[in-house]
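The figures that follow rest on heavy atoms only: side chains count, while hydrogens, waters and symmetry mates do not. On a predicted model such as this, the values are computed, not experimentally measured, just so you know.
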Amino acid sequence: MTAVVDAILSRSYFIATSVQGPFNMNTTFRSLFGAALSLTLIGNVVGADGAKPANQNRSEIAAEFRWDFSPIYANWDSWEAGMKDIDSRIDAFVKLKGTLKNGPDAVLKAYQAFDDIGKLQYKVYGYTALQRDIDTRKQDVSGKFQRVMTLFAKLGTATSWFTPELLTVAQPTMEQWIAATPALTPYRFTILDNYRQQKHVLDEPGERLLSFAARFNATPKATFQELSTSDIKFPLVTLSDGKEIKLSPGTYQSVLATNYKQADRAKAFEAYLKTYAATTNTYAAIYNGVLQHDWFRAQARNFPSTLDAALDGNAIPASVVTNLVDTVRQGTAPLQRYIKLRKKLLGLESYHLYDGAIPIYRTDKVYTYADSREQVLASVAPLGADYVARYQKFLAGKQVDVYESEGKRSGAYVSGIYGVGPYMLLNHNDTQDALFTLAHEGGHAMHTLLSQEAQPFVTASYTIFVAEVASTTNERFLLNRLLQATSDPKERFLLLQHAVDSIVGTFYTQVLFADYELQAHKLVEQGKPITSDVLNSIYLKLLKDYYGDAVTVDDLYKYTWSRIPHFFNSPYYVYQYATCFASSAKLFKDMTTGSEASRAAATERYLTLLKSGGNDHPMQQLQKAGVDLSKRETVQAMVEQMEELVAQMEVEAARIP
C-alpha cells in the first residue's frame, strides 16, 4: 500500500477546514510532492510567456505569477487593526447574551454581528496563512498565525452561549419571527438547522465546558505531527548504484516513482516502513487518543455512534458511508484488473504495492503554465461563455501564485477570502500532473467565486461534502478535451492512466481508509482494547480484501495506517473524497451525453449547484443537481467507469509499438 499512500500524499487532494455555524471559513489545500511521470522540463527565466523559472528566487519571478495581498490588507498595520476589530467585536457580542428572547430584531442583530466577525475572520486568517505558505521560513509570520488561532479559540468560548439560548425560543415562534422579518430570510436555513440538531446541543454550562476542551482535543493531533515530522529519524539506505540516500518522504516517493529496479524499490520500502514500525506502539497510543476523543464527543452530545456524530452536522445519513464501503468492497475487480495490467506491462514476476508509482511509459511532453492555462479554459467551454469569462478573469489576476520558490510550501490549494475572492497556490513544474492540478484547483476557485457572488455571507461557504465535485468535474472536462485532441496510443494511454490513477487514489484508496476508520471506531465504541497489533491486523486484512491476488501484500504494509495524517487530524473525512468523485462522474455524464436539451438542463443544474454555497444540506443540493448518493447505483457507476477506462487502456497498450 505504500506506493498508493505515497500517491495520495504526493498527488493533489483537497482538504477543507471550516469554522462551522454562523462563522464560515473555507481553506483548501492539496499536497503535491512531484509528478508520477519522468518528464523533461524547459524554461530559463520567467516572463510573460509563463515558462518555468530556472531558479527558485522569488524576487526574480514576474509579479503576474505571484500573489498580491493588498486586496486583503494594505499592510501589517492594517492587519493589526483587523485583529483588534475582531477582539472588540467578540467583547461586544458577549453583551448580547440574554437578549435573543426579546424578538426577531434581537436575533437579527446577533446574526449580523456574527457576519461582521466572520468576514473579518477570513481576512485576518488569510493574510497570515497565505504569507506563511509562500515562505515558511519566516517565523514572525508563523507567530502572527498563532495569534490568529488563539483569537479564534477565544471566539469559540465567547460565543458558546449563543446556540443554547437560541433554542430556548420555541421553533414555531422562531419560524413566525422569520416569516414576519424579511431581513432574517437569509438566515432561515442556518437558524432552523440548529433546531434539527437541538437534541445534540447541551445547555450553556455544558457547551462552555466543551469549548474549554478545544485545545486539549488537538493534543493527539499535535503529538502525531511532532512524532511523524520533528522527531522521526528517517533511515539511510544504499541502492544498487552505490549511492547512499536518506529516505525522507520526498526522497522515498522519488525512489518509488523513478527507480526502475524493483529490488531498489523493495529495499527503500523495507527501510522506510521499519521507521514507522519502530514506534508502532506510540502511534497506536496516539490514535487511541483520537478514537477516545471522538467517542467522548459523540456520547457527550447524545449520538449513538462516532459515525453519526461526525455526519450529523451536514445531515448525512450513516447509510451513505456504509453503502459506499459495501459497494466498493464488492467492486474491487476493476482495481485488481488494473494492477494485473501494470504487472504485465512492467514485466514483473510478482507485483508489490511499492510498484504502484513507477511509470509504465515515459514521456518528455512539456505543459508550460501558459499552455496549461489555455487548455483548462478551453476544456470548460461546455459550461458556457459566462463561466469561461469569469474563469479567465480570475487566472489573469494576481491571486494565483504559480511557481515553486525558496521556502514556499509544497502542493496546491485554493483559499477563499470572502469579499476578496479565491487565492490559488500552485507549484507548476510543466508536467502533466501540474496541468491537471491547475484544472482541479480551477474548479475549486470557480466554485468559491460563484458561491460567494451568489450567496449572502451566512450561506456563502460550501461544505466539504460537495467541495471536490467542482474540482474533479473540471479534471474530467480536461481529460475529455485532451483525449479528443490526440490519436497517439501512447499519449492516450498516459491520459487514461491519469484518470485511472485518480480513481484508485481518490475513490478506492479513500474508501479503504474509510473502512479502516469505521472498524477502528467500532472497537472503542464496544470498549475493546486499541493496540498496535489490533490496528495492524485490521489494515493488513483490508489490503488483502481490496487487492486480492493481484498484489503480493508484504507484512510490513500493516504499519501503513500510522502514516496516514487524515486518521489523526480529521477522522471520518476521507469518505467524502469518494462520494465527491462519484458525484462528479454522474454530473459529467449528464452534461456530455443525451439530447442537447438534456445536456443543457444538466449544465444549468450543475451551475446552480456551484452557486448554492451552503444554502441547503449537501445531500439535497446534490439531489437537485441530479445525484442521489443514497442509491447504490450512484457508487456502482464509478466502479463501472473504472472498468471501462481500464479496458480502454488495454486497447491503447496493444497499439503502442
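Residues L495 and Q432 form a side-chain contact, since some pair of their non-hydrogen atoms from C-beta on lies under 4.5 Å apart. Within the 4.5 Å cutoff, the side chain of V627 has no heavy atoms near those of the Y606 side chain. Contact annotation: the side chain of F477 approaches that of L383 to within less than 4.5 Å [non-hydrogen atoms, C-beta and beyond]. When side chains are defined from C-beta on, H498 counts as touching E475, because their heavy atoms get closer than 4.5 Å. The side-chain heavy atoms of F567 and S562, taken from C-beta on, include no pair separated by under 4.5 Å. Residues Y516 and V325 have side chains not in contact (no heavy-atom distance under 4.5 Å, counting atoms from C-beta outward). The shortest distance between side-chain heavy atoms of D133 and Y423 does not fall below 4.5 Å. Counting heavy atoms from C-beta on, the side chains of L512 and L543 come closer than 4.5 Å.
Under the 3.5 Å distance criterion, with hydrogens and angles disregarded, a donor-acceptor pair is assigned to the side chains of Q330 and R632. Side-chain contact of D501 with Y338: a donor-acceptor pair under 3.5 Å is present, judged by distance alone. Remark: the D554 side chain and the Y354 side chain contain no N/O donor-acceptor pair separated by less than 3.5 Å.
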Exercise. Kindly determine whether D590 and R605 satisfy side-chain contact (heavy atoms from CB on, under 4.5 Å), including the steps that lead there.
Key: CA-CA 10 Å; D590 290 348; R605 291 195 302 270; 4.2 Å; yes
Quiz item: ring-ring contact (aromatic ring centres under 6.0 Å, His included) between F513 and H566: does it pass, once the steps are laid out?
Solution: CA-CA 9 Å; F513 288 170; H566 286 78; 7.6 Å; no
Practice problem: Please test D401 against R58 for salt bridge (Lys or Arg N to Asp or Glu O under 4.0 Å), starting from the C-alpha separation and ending with a verdict. | Solution: CA-CA 11 Å; D401 204 89; R58 188 169 183 82; 2.4 Å; yes
Self-check item: Working for ring-ring contact (aromatic ring centres under 6.0 Å, His included), residues Y539 and Y557
Solution: CA-CA 8 Å; Y539 201 86; Y557 279 115; 8.8 Å; no
Quiz prompt | Steps toward side-chain hydrogen bond (donor to acceptor under 3.5 Å, both in side chains) verdict (N429, E404) | solution = CA-CA 8 Å; N429 60 1; E404 185 178 9; over 6 Å; no
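Legend: residues meeting salt bridge (Lys or Arg N to Asp or Glu O under 4.0 Å) with K589, ordered by chain and number and at least two apart, are absent. Here D549 pairs with K340 under the side-chain hydrogen bond (donor to acceptor under 3.5 Å, both in side chains) rule; sequence neighbours left out.
A cation-pi arrangement, defined by a distance under 6.0 Å to the six-membered ring centre and an angle within 45 degrees of its axis, is absent between R563 and Y272.
By the 4.0 Å N-to-carboxylate-O rule, E596 lies too far from R599 to be salt-bridged with it.
A donor-acceptor pair under 3.5 Å is formed between the side chain of S451 and the backbone N or O of L610. Looking at K267, its side chain never comes within 3.5 Å of a backbone N or O of L239 through a donor-acceptor pair. Checked by atom type and distance alone, the side chain of Q576 pairs as donor or acceptor with a backbone atom of Y573 at under 3.5 Å. Judged by distance alone, the side chain of S471 and the main-chain N or O of E441 form no donor-acceptor pair under 3.5 Å. Between the side chain of K408 and the main chain of L426, a donor-acceptor pair closer than 3.5 Å is present. H428 places a side-chain N or O within donor-acceptor distance of the main-chain N or O of Y367, the cut-off being under 3.5 Å.
Classified by interplanar angle (parallel below 30°, tilted 30° to 60°, perpendicular above 60°), the ring pair Y462/H447 is parallel.
From T560, atom OG1 reaches atom CG of L542 across 11.5 Å, with rounding to the nearest 0.5 Å. The distance from the CZ atom of R390 to the CE atom of M446 is 7.0 Å, given to the nearest 0.5 Å.
A salt bridge (charged side-chain N to carboxylate O under 4.0 Å, His left out) with D355 holds for exactly one of K343, R342, R265, K261; it is R265.
Within 6.0 Å of CD on E349 lie no more than 12 heavy atoms contributed by other residues, nucleotides or ligands.
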